[in-house]
There are 2 protein chains.
Amino acid sequence: MPVTLRPAQALKLMQEVFFDLVRETRPDFASDFTLRQMTILLTIYLDPPPHTVRGLAKKLNVTKPVITRALDTLGKYELVTRRRDDADLRNVIIQRTVKGALYVETLGDMVSKSASRLGP
Amino acid sequence: MPVTLRPAQALKLMQEVFFDLVRETRPDFASDFTLRQMTILLTIYLDPPPHTVRGLAKKLNVTKPVITRALDTLGKYELVTRRRDDADLRNVIIQRTVKGALYVETLGDMVSKSASRLGP
DNA sequence: TAGAAATAATACGGCTCCGAAACGAACGGA
DNA sequence: TCCGTTCGTTTCGGAGCCGTATTATTTCTA
């Protein structure tokens with residue numbers, strides 16, 4: 001069953017979601033992430049693993065330092081972890097965390113609830 | 001007709017939208033806005049006018065300099081304009097622009113299309 | 001086995017944002 | 001009229017992100 005969302009509804013949904021993120025001040029729910037950081041986080045949790053710095057950089061069309069720095073920031077909040085690849089020690093495997101899974105789940109609920117409140 | 005969007009679908013939608021914004025490189029479509037800037041832009045175009053610096057600051061729960069700086073940035077891209085209020089010269093009325101309306105419309109179409117491609 | 005290639009991280013200079021405080025202009029009540 | 005209040009802006013020091021270039025490590029290949 002495809003989801004139908006008219007442009008006007010889509011905009012209202014975006015506004016509500018962004019609005020909630022901006023107003024959110026819970027210490028455990030950092031909301032001042034960059035669009036890039038947000039995208040990297042969602043990609044790690046929604047796309048099938050394994051995820052590497054190089055793979056993410058290519059997928060998002062950004063340079064590798066952008067990924068490294070974003071992982072530093074996300075890691076500071078314990079939303080992702082890094083581990084060296086035993087098979088190829090040059091690689092770094094990005095791993096999910098319990099906190100990160102909870103964060104993403106909360107975000108999904110937030111968006112879902114906003115959608116359910118949408119008018120015609 | 002209320003919109004039903006399960007949390008998993010909502011997350012996928014967010015990922016796609018953020019992803020498109022991050023990858024977008026059109027010179028006329030600045031995609032490196034802050035979550036705050038994005039929210040301010042959408043509020044100006046979706047909520048009924050008039051909009052003032054003070055009003056936006058209160059609504060978004062941020063300080064006034066945040067609004068002033070965001071308007072500077074959005075204004076640089078010609079997405080909003082400022083005009084002094086003739087009735088009370090202390091006030092500044094924030095106005096929409098053709099470019100801004102087009103930007104918001106494009107964003108709405110982008111989100112709507114992403115939603116229509118969502119799986120079950 | 002020695003040199004080229006690939007990977008992630010770091011260094012650097014520049015830019016933008018932040019919050020708090022201070023500021024100038026305009027209003028309004030006593 | 002005068003002085004407190006309101007409104008938007010600016011200033012200040014601090015922090016974070018950016019892209020480019022460079023580095024250290026590991027792997028591949030001739």
Side-chain angles (χ1 to χ4, degrees), chain A residues 18 21-27 29-41 43-44 49-95, chain B residues 18 21-27 29-41 43-44 49-95:
Chain A
F18 289 167
L21 285 174
V22 166
R23 292 206 53 147
E24 190 56 65
T25 54
R26 267 177 291 172
F29 198 82
S31 60
D32 55 348
F33 288 144
T34 307
L35 225 48
R36 284 176 167 186
Q37 292 168 339
M38 214 48 125
T39 309
I40 291 168
L41 182 65
T43 298
I44 292 169
H51 297 288
T52 64
V53 173
R54 170 170 167 69
L56 288 174
K58 186 164 196 174
K59 190 177 289 188
L60 299 188
N61 203 29
V62 297
T63 60
K64 286 189 292 182
V66 166
I67 304 294
T68 296
R69 284 186 296 247
L71 294 179
D72 288 344
T73 301
L74 294 174
K76 208 160 52 184
Y77 289 96
E78 299 177 53
L79 301 182
V80 299
T81 317
R82 276 179 277 200
R83 172 176 64 77
R84 289 225 90 90
D85 182 1
D86 289 332
D88 185 339
L89 291 178
R90 289 173 304 180
N91 290 336
V92 160
I93 306 291
I94 293 118
Q95 294 183 297
Chain B
F18 289 167
L21 285 174
V22 165
R23 293 206 53 146
E24 188 57 63
T25 54
R26 267 177 291 172
F29 198 82
S31 58
D32 56 349
F33 287 145
T34 307
L35 224 48
R36 284 177 167 185
Q37 292 168 340
M38 213 50 124
T39 309
I40 291 168
L41 181 67
T43 299
I44 292 169
H51 297 288
T52 64
V53 172
R54 172 172 165 67
L56 289 173
K58 186 164 197 176
K59 190 177 290 188
L60 300 187
N61 204 28
V62 297
T63 60
K64 286 190 294 179
V66 167
I67 304 294
T68 295
R69 285 186 296 247
L71 294 179
D72 288 344
T73 300
L74 295 173
K76 209 161 51 183
Y77 288 96
E78 299 176 52
L79 302 182
V80 300
T81 316
R82 275 179 278 200
R83 172 175 65 75
R84 291 224 89 91
D85 182 0
D86 289 331
D88 185 340
L89 291 178
R90 289 174 304 178
N91 290 336
V92 160
I93 306 291
I94 293 117
Q95 294 182 298

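We name chains A, B, ... by the order of the sequence lines, and we start the count at 1 in each one. Just the heavy atoms: all of them, side chains too, but no hydrogens, waters or symmetry mates, feed the values below.
- Remark: B:Ile67 CD1 to B:Leu74 CG distance equals 9.5 Å, nearest 0.5 Å.
- With rounding to the nearest 0.5 Å, the separation of CG in A:Asn91 from CG in A:Asp86 is 11.0 Å.
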| Would B:Leu41 and B:Arg36 satisfy side chain to side chain contact (heavy atoms under 4.5 Å, CB included), going step by step from the backbone distance to the final call? | CA-CA 9 Å; B:Leu41 181 67; B:Arg36 284 177 167 185; over 6 Å; no
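- Between B:Phe18 and A:Phe18, the ring-plane angle classifies as parallel under the 30° and 60° cut-offs.
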Identify all side-chain donor-acceptor contacts of residues 51-62 of chain B below 3.5 Å with residues at least two apart in sequence or on another chain.
from, atom 1, to, atom 2, distance (Å)
B:His51, NE2, B:Ile44, O, 3.3
B:His51, NE2, B:Asp47, O, 3.0
B:Thr52, OG1, B:Gly55, N, 2.9
B:Lys59, NZ, B:Asp47, OD2, 3.1

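- What separates CG of B:Leu71 from P of D:dG8 is a distance of 10 Å, to the nearest Å.
- Going from atom CG of A:Leu60 over to atom P of D:dG19 covers 12 Å, rounded to whole Å.
- Counting heavy atoms from C-beta on, the side chains of B:Val80 and B:Gln95 never come closer than 4.5 Å.
- The line from CG of B:Asp32 to CG of B:Leu21 is 10.5 Å long, rounded to the nearest 0.5 Å.
- Residue B:Thr68 places none of its side-chain N or O atoms closer than 4.0 Å to OP1 or OP2 of D:dG8.
- Note that CZ of A:Phe33 is 5.0 Å distant from CG of A:Leu79, once rounded to the nearest 0.5 Å.
- Between the CZ atom of B:Arg82 and the P atom of D:dG8 there is a distance of 10 Å, given to the nearest Å.
- Between the CZ atom of A:Arg54 and the C1' atom of C:dA9 there is a distance of 16 Å, given to the nearest Å.
- Per the geometry, CG belonging to B:Leu35 stands 15 Å off C1' belonging to D:dC17, to the nearest Å.
- If you take NZ of A:Lys64 and P of C:dA8, they are 6 Å apart, rounded to a whole angstrom.
- C:dA9 atom C1' lies 16 Å from atom CD1 of A:Ile93, rounded to whole Å.
- For the pair A:Arg84 CZ and D:dT25 P, the computed distance is 11 Å after rounding to whole Å.
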Dump every N/O contact between nucleotides 24-30 of chain C and the protein below 3.5 Å, one line per pair.
from, atom 1, to, atom 2, distance (Å)
C:dC27, OP1, B:Leu89, N, 3.1

Under-3.5 Å N/O pairs linking protein and nucleotides 13-22 of chain C:
from, atom 1, to, atom 2, distance (Å)
C:dC17, OP1, B:Gln37, NE2, 2.8
C:dC17, OP1, B:Thr73, OG1, 3.0
C:dC18, OP1, B:Arg36, NH1, 2.9
C:dG19, OP1, B:Arg36, NH2, 3.0
C:dG19, OP2, B:Arg36, NH1, 3.3
C:dG19, N7, B:Arg69, NH2, 3.3
C:dG19, O6, B:Arg69, NH1, 3.2

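- Just one of B:Leu71, B:Val66, B:Thr73 meets the side-chain contact (heavy atoms from CB on, under 4.5 Å) condition when paired with B:Gln37; it is B:Thr73.
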